[in-house]
Structure formats: structure tokens, C-alpha cells
Amino acid sequence: MTTPEITSAANFIEKIIEEDNQSNKFGGRVHTRFPPEPNGYLHIGHAKSICLNFGLAEKFGGMANLRFDDTNPSKEEVEYVDSIINDVHWLGFDWEGRLFYASDYFQQLYDFALKLIKDGNAYVDSLTAEQIRQHRGTLTEPGKASPYRGRSVEENLNLFERMKAGEFKEGEHVLRAKIDMAAGNLNMRDPVMYRVIHAEHHRTGNQWCIYPMYDFAHGQSDSLERITHSICTLEFEDHRPLYDWFVEKLGIYAPQQIEFARLNLTYTVMSKRKLLLLVREGHVTGWDDPRMPTLSGLRRRGYTAQAIRDFADRIGVAKNESVIDIALLEYFIRQDLNRHAQRVMAVMNPLKVVITNYPEGMVEEMDAVNNPEDPTAGMRQVPFSREIYIERDDFMEEPSKKFFRLAPGREVRLMHAYYIICNEVIKDEHGEVIELHCSYDPATRGGDSPDKRKIQGTLHWVSVAHAMAAEVRLYDQLFNTPTPDEAAEGQDFTANLNPNSLQILNNVKLEPSVAHASLGTSYQFLRQGYFCLDADTTAEKLVFNRTVTLRDTWAKIQTKQ
RNA sequence: UGGGAGAUCGUCCAAUGGUAGGACAGCGGCCUUUGGAGCCGUAUAUCCAGGUUCGAAUCCUGGUUUCCCAGCCA
């Protein structure tokens, strides 16, 4: 990789770790983990967390685990497990065999619960969910004790064992921690530890019908794996006292939890719930729709792991809730692809040009540089002939002052080929331009003239006889507002969906060298942007996705006018 | 007086008592066989009010304001 090191200042988590190493808090160990719930596909927000956790381990010579928080069988599926494993790998991280599941610890967690019951720190409650909610109190008023709070250890043990044995229906009983119903922190008002769920678990099958709540599983899982720094997002800040309480009552190893602000991006949404809704309601074609902020979507769109990692490095880590401009992500994919993508000529919206003084039937193979940023990328040959396609937007019958492409009487350069002058404009009966008659200067072969005369415009082109047809999918932001979550009164975020987020071009002409395109390979379509071959490609039809446009100063000039 | 956490250029992130700096975005220019890339330059910020100090983004006091929490979700 030629990507230069992104050097950012130490973030606050690295500073904490440095201090911990100074004080020998964990004996110099650094052990993190990325703990997703397998209830959806990973998105770029997760990438931030993955890069953070695995990056920290790398930086401090420690380890990072991958652990699935699979405590709720009613929402979790193996499809998600597989995609998550694949995505973390794709990003370029390795858990070195330390792939764990919270469900690995179900027996241990059950034993922990038994201890808490025996010590009088947990009890079986038989209130309904609704009653529990009412007893919890409100943000400003304390809760009140459940009538079952005083059950004896024996009775609790008996009931809990029968919960486990499957004697009760869902909702009949739960196991609760006995803490403080008047706590200002609602998480401490006797939180539920276990609930009955009669559902098949993707790993433990029907072995269990009671499942630990996340709050009773997560901290202990970190403890069992001897995680040193349990990094999580801000909303778990007020769960930390609860995790600390469990660890203390259980007398087990105590990791240190550190919270950071999750990633938000303009023009997209970043919650699994909302992404799932987009998929379920058919607003996108699937989790890997190239407009989705999922890793599978970005990958299909043509984003590289390197670009995403560089992005994650650059945005930093802090506790300040922030929204990153999507332009920053685009900057990093352009940077990566500019250095690595082969250049190729593609005409999106073809306009036929006949070069009247070029011999009929003649074909020349023109030498073309594959990547001016990378001398090792070599050269290729592109066939040139009497009839070519150029971009319709590259011709203007009455050009404005700043337009320096083709126009009647004007000379432009055909990249890697010749200078041409437009002599005649052919129109159909509606006045629509359908063809241009031009003449070329044979002395300018290769795109350079002996007299060194100044040529303002350089156009890309494709030989009519050699052109390959393709479908090209142009993507725009999925939402038409930077903050789609802020929907108008009475509407939800789907009201902000951009109806024009996908535009399909069916008549794209490509130079023949792309015949060898393989899935996922990125090209720069000269002067237009970066594109990659899509999985929808068939033997009959090439399909390309536009990853991102090139920066376009002409477009900017136009919008200013 | 419910609990917890934040507030620095337009957007992110730095600066931990000593010249407020970087990136993206913007603007201007140079260069160019991609109106790409690259290069150079440039404007813009410490939530507010007091206080401590030779000196405050940083420390103290008091405000303002934003976010999170009342799932048997994670």
C-alpha cells in the first residue's frame, strides 16, 4: 500500500490506555473486543468501532476479540453472523481465532445468577411487564418495590430453576437484580437479568428457554475474556454503574468501560432498525444496495477497505456527538482510487461523430496510459476509427464563455488520439443534434501537435465499431437532506428519501479493454468518476456502479451561473 | 436540585496555564493530453458572564444549551 500514514493525535482513549500502562493497572495488557449483535448488517458506524478496537490492540501490541452478543434469539440470525464475520475480515482485521459468542457463556451466566440469588442480590419477580414498568417510577419520581421483592432465597432458587426448566410461559416471571428502586439512575432500579423466551437460538438451539439480558451478559462476558478496555458508545454510560455492580457482587475480574460518540454521517441514517426498515419496505434492493451505508453496500458501490480505514482514522474519537460530512468519506475513496484505479474511456450519453477526412475502414491502435499516478500500471491500446462516440455534454452549439469543449468551428483534443474541428452539425426533424461532422489533423496523432498550439479541451471517446455496451448505475445520496432523522411533523425519516437516488443509463459505450473486467475491480471512467463492475453483470450485459464522481469544476461553474 | 454526558472554524479533530493548529468543505491562483490529480495561497472558531493569574480554550463560580436514560432490545 502506498497510502501515507494518517497521523492523528492520540485520542482520549489512547491517553487512558497510556495512563493505565503507566500505572500498571492491567499489567501492561491491552485487550479489546468488537461485540456486535447479529441482528443486522454492519454499517460504517460499526467500522469506526472495529477500527478503534482492533486499531488499539495493534497500536499497543495487544489483542482484540470478535464476540457476538447473541442474547436475544428472537432477533438474531446466522445470516447476520456470517455477514459480520465476512465484513470484519474484509476491513482487514484478524481476531486470531478469538471468535466468541455470549451464548458460549450461558451456563456460566446462569451460575452467576444463582450466586446473586443465594447472596440475596437477585429475586424472581412475577409482576407483568406492564406492572414492572409502573413500579419503576419516572425520571423524577422514585420507583416502588415489587410485592415479590422479599421472596426467600429458597423460593427464588426454586422459581428460577423452574423458569429454566421451561415450566413458565414468556412473561410470567423474570429474574431481577435487587439494587435500589429509588436510584436516580433508572438502570439501578432492580433491572431484569433473565427473561423467559421460548425460541430457538441460532447456536444453542432449544437448550435454553431463559436468556440473560444484554446488561447481565455484556459486562461479565468482557470479564470472562479478561478484556482490559471495554469500549462502547455513549448511551451505555449510565449502564456502567450496573456492570460494575454485577462484577463487584460476583467478585470477578473488572474491565474498564470507556464510552465514545458513535459515528453519524450526513445524508444517511445509521441505525440498524432504520436500515432494516429500508430493506423490508423495499426502498432499497437489500442490505448491500450500493446506496446503503452498510459495509456490504459500500463494498458493492466500490468503496475499498483502505478508504474506510483511512476515514476512520481521520474522523477521530471523542465524546462529542458529531455528524461527519459525507464529503470526507468521498474524499478518501477518491484518494485511494485515484492511485489505484485503471483509467478507461466510457461515453455515458453518446453523440456520434464522423471524422470526414479520416480514411474509411482504417483502424489505429492508440497508446493510452493506464494510470498517470502509477507508472507501473503500464499502457494499453485503444482502437480509433472514422466514427466515434463522444459525450453529448461535451458539445454545445452555442457555447458559453467558459465552456471549452467542442462547438462549431472549435478544435479539441481527443484524448490519446487526434485534434478535431467541428465542421457541421446534423440535426433531426425536431432540431435535435444527432451527429457531428468533424475533421482531424493527422499531425496530432497521440494528442500532441508539432506546433504546440494551445488546446483547451480534451474529450474522451469510444470507437463506434469497437464499443462495448453497458448499463451504468449512477447513485446519489439516499436522502435529500443532510439530517434525514429530522423529519417534518407527523412524518418519519422515509419522507426524506431522495426519489432520484438511482439513475440507470442503458446506452453506455465502453472502450473494448473493459471486456476483461472482473467483479469488484474499480476503474476511473476518464473525466467522470470511479466505477466498478456489479454482480448483476451477465454474459449479455455489463453492469457498472458509479462509486463516486470526480471533482467537477465545470459542474460548479454551471451551478454558479 | 431525577441521574449521566457534552459544548473549539461551515463540519470533524487537536492544543491540558504560554503564538488556537490540522483535515474536509469554501474561495483565489499555478499547472495539466482527465475542467481529474498535484502544488501554492486565503477567510472563518474557544457557548455566555464573572473570578484566579503576568498570562485561561484549559483552573474556579454561576448561567445557557445539546444529547442519553422510564424494553422482559442491544
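First the proteins, then the strands, lettered A, B, ... as listed; each starts at 1.
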| For the rings on Y101(A) and F68(A), is their centre-to-centre separation under 6.0 Å? |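 Ring centres of F68(A) and Y101(A) closer than 6.0 Å.
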| said: Are F216(A) and F246(A) an aromatic pair, judged by ring center distance below 6.0 Å? | reply: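 Judged by ring-centre distance (under 6.0 Å), F246(A) and F216(A) do meet the cut-off.
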| task | List for me each residue that meets salt bridge (Lys or Arg N to Asp or Glu O under 4.0 Å) alongside D393(A), sequence neighbours excluded, and say none if there are none. | result |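 Applying salt bridge (Lys or Arg N to Asp or Glu O under 4.0 Å) to D393(A) gives none.
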| task | Write out all pairs satisfying salt bridge (Lys or Arg N to Asp or Glu O under 4.0 Å) with one or both partners inside residues 160-175 of chain A, taking only residues at least two apart or from two chains. | result |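 Pairs touching residues 160-175 of chain A that pass the test: R162(A)-E167(A).
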| Pairs satisfying salt bridge (Lys or Arg N to Asp or Glu O under 4.0 Å), at least one member in residues 256-267 of chain A, at least two apart |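 Counting only pairs at least two positions apart or across chains, the salt bridge (Lys or Arg N to Asp or Glu O under 4.0 Å) contacts touching residues 256-267 of chain A are E235(A)-R262(A), R240(A)-E259(A), E259(A)-K319(A).
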Got a list of side-chain donor-acceptor pairs under 3.5 Å for residues 176-187 of chain A, not counting sequence neighbours?
from	atom 1	to	atom 2	distance (Å)
R176(A)	NE	D125(A)	OD2	3.2
R176(A)	NH1	D190(A)	O	2.7
R176(A)	NH2	D125(A)	OD2	3.0
K178(A)	NZ	R149(A)	O	3.3
D180(A)	OD1	A182(A)	N	2.9
N185(A)	OD1	N187(A)	N	3.0
N185(A)	ND2	D238(A)	O	2.8

| message | Nearest 0.5 angstrom please: T268(A) OG1 to I324(A) CD1, how far? | response |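 It is 13.5 Å, given to the nearest 0.5 Å.
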| In Å and rounded to the nearest 0.5 Å, what is the CZ to CG distance from F100(A) to D70(A)? |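 Rounded to the nearest 0.5 Å, the CZ-CG separation comes out at 13.0 Å.
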Rounding to an integer number of angstrom, what distance separates [N] and [M] when you compare their [atom1] atoms?
N      : M      : atom1 : result
U42(B) : C47(B) : C1'   : 27 Å
A20(B) : C60(B) : P     : 22 Å
U44(B) : C9(B)  : C1'   : 5 Å
A14(B) : A7(B)  : C1'   : 16 Å
G28(B) : A37(B) : P     : 16 Å
G4(B)  : G41(B) : P     : 49 Å
C48(B) : U16(B) : C1'   : 22 Å
A45(B) : C12(B) : C1'   : 13 Å

| query | N370(A) side chain to A377(A) main-chain N or O, any donor-acceptor pair under 3.5 Å? | reply |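 Flag set: sc N370(A) to bb A377(A) pair under 3.5 Å.
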Length of the [atom1]-[atom2] vector between [X] and [N], whole Å:
X       : N      : atom1 : atom2 : value
N11(A)  : A15(B) : CG    : P     : 10 Å
W554(A) : A37(B) : CH2   : P     : 17 Å
Y211(A) : G71(B) : OH    : P     : 23 Å
D313(A) : A14(B) : CG    : P     : 13 Å
I179(A) : C69(B) : CD1   : C1'   : 15 Å
L406(A) : U34(B) : CG    : P     : 17 Å
F332(A) : U11(B) : CZ    : C1'   : 13 Å
E330(A) : C12(B) : CD    : C1'   : 16 Å

| message | Could you walk me through whether Y303(A) and E330(A) satisfy the side chain to side chain donor-acceptor pair (under 3.5 Å) test, starting with their C-alpha distance in whole Å, then the side-chain angles of each, then the deciding distance to 0.1 Å, before giving a yes or no? | response | CA-CA 9 Å; Y303(A) 273 77; E330(A) 293 180 343; 5.0 Å; no
| request: Go through the structure and list residues passing side-chain hydrogen bond (donor to acceptor under 3.5 Å, both in side chains) with H460(A), not counting sequence neighbours. | output: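 With sequence neighbours excluded, H460(A) shows a side-chain hydrogen bond (donor to acceptor under 3.5 Å, both in side chains) to E391(A), R527(A), Q528(A), given in chain and number order.
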| said: Please enumerate all residues that pass side-chain hydrogen bond (donor to acceptor under 3.5 Å, both in side chains) together with K75(A), with sequence neighbours excluded. | reply: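 Scan of K75(A) (side-chain hydrogen bond (donor to acceptor under 3.5 Å, both in side chains), adjacent residues dropped) gives none.
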Provide a list of protein-nucleic acid N or O atom pairs under 3.5 angstrom, restricted to nucleotides 2-4 of chain B.
from	atom 1	to	atom 2	distance (Å)
G2(B)	N9	L139(A)	O	3.0
G2(B)	N2	G184(A)	O	3.1
G2(B)	N3	L139(A)	O	3.0
G3(B)	N2	D238(A)	OD2	2.8

| query | Would G71(B) be called syn or anti, given that syn covers angles within 90° of 0? | reply |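 What G71(B) shows is a syn base, its glycosidic angle lying within 90° of 0.
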| query | On a plain distance test, is the side chain of Q528(A) in donor-acceptor contact with the base of U34(B) below 3.5 Å? | reply |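 Per atom types, no contact qualifies.
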| Distance-only donor-acceptor test (3.5 Å): side chain R405(A), base G35(B) |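 In this structure, the two groups form a donor-acceptor pair.
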| message | Under 4.0 Å between a side-chain nitrogen and a carboxylate oxygen: does that hold for R133(A) and E130(A)? | response |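 Salt bridge present between R133(A) and E130(A).
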| message | Check R392(A) with D394(A), please: is the shortest side-chain N to carboxylate O separation under 4.0 Å? | response |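 Answer for the salt bridge query: no.
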| field | Polar side chain donor-acceptor pair, D441(A) to Y418(A), under 3.5 angstrom | value |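 Side-chain D/A pair, D441(A) to Y418(A): absent.
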| What parts of residues 40-47 of chain A reach RNA chain B, counting only heavy atoms under 4.0 Å away? |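 Per residue number, the list is empty: none.
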| In residues 366-376 of chain A, what residues come within less than 4.0 Å of RNA chain B, judged by heavy atoms? |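 Of all residues in residues 366-376 of chain A, the ones placing a heavy atom under 4.0 Å from RNA chain B are P372(A), E373(A).
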| message | If you apply the rule side chain to side chain donor-acceptor pair (under 3.5 Å), what do you find for E511(A) with S513(A), and how did you get there? | response | CA-CA 6 Å; E511(A) 66 166 73; S513(A) 71; 2.6 Å; yes
| Pairing annotation in dot-bracket form, given for RNA chain B with Watson-Crick or G-U pairs under 3.5 Å and | for cross-strand partners | .((((((..((((....[..)))).(((((.......)))))....(((((..]....))))))))))).....
| What does H239(A) touch in the nucleic acid at a heavy-atom separation under 4.0 angstrom: a base, only the sugar-phosphate, or nothing? |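 The residue H239(A) makes base contact.
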Give every pair of a protein N or O atom and an N or O atom of nucleotides 24-30 of chain B that lie under 3.5 Å apart, one pair per line with the distance.
from	atom 1	to	atom 2	distance (Å)
C24(B)	OP1	Y331(A)	OH	3.0
G26(B)	OP1	K556(A)	NZ	3.1

| message | Atom CD of residue position Q22(A) - does it have more than 12 heavy atoms of other residues, nucleotides or ligands inside 6.0 Å? | response |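 Not more than 12 within 6.0 Å, no.
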| task | Identify, with sequence neighbours excluded, every residue that meets side-chain contact (heavy atoms from CB on, under 4.5 Å) alongside D367(A). | result |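 Once residues adjacent in sequence are excluded, the partners of D367(A) under the side-chain contact (heavy atoms from CB on, under 4.5 Å) criterion are M379(A), Q381(A).
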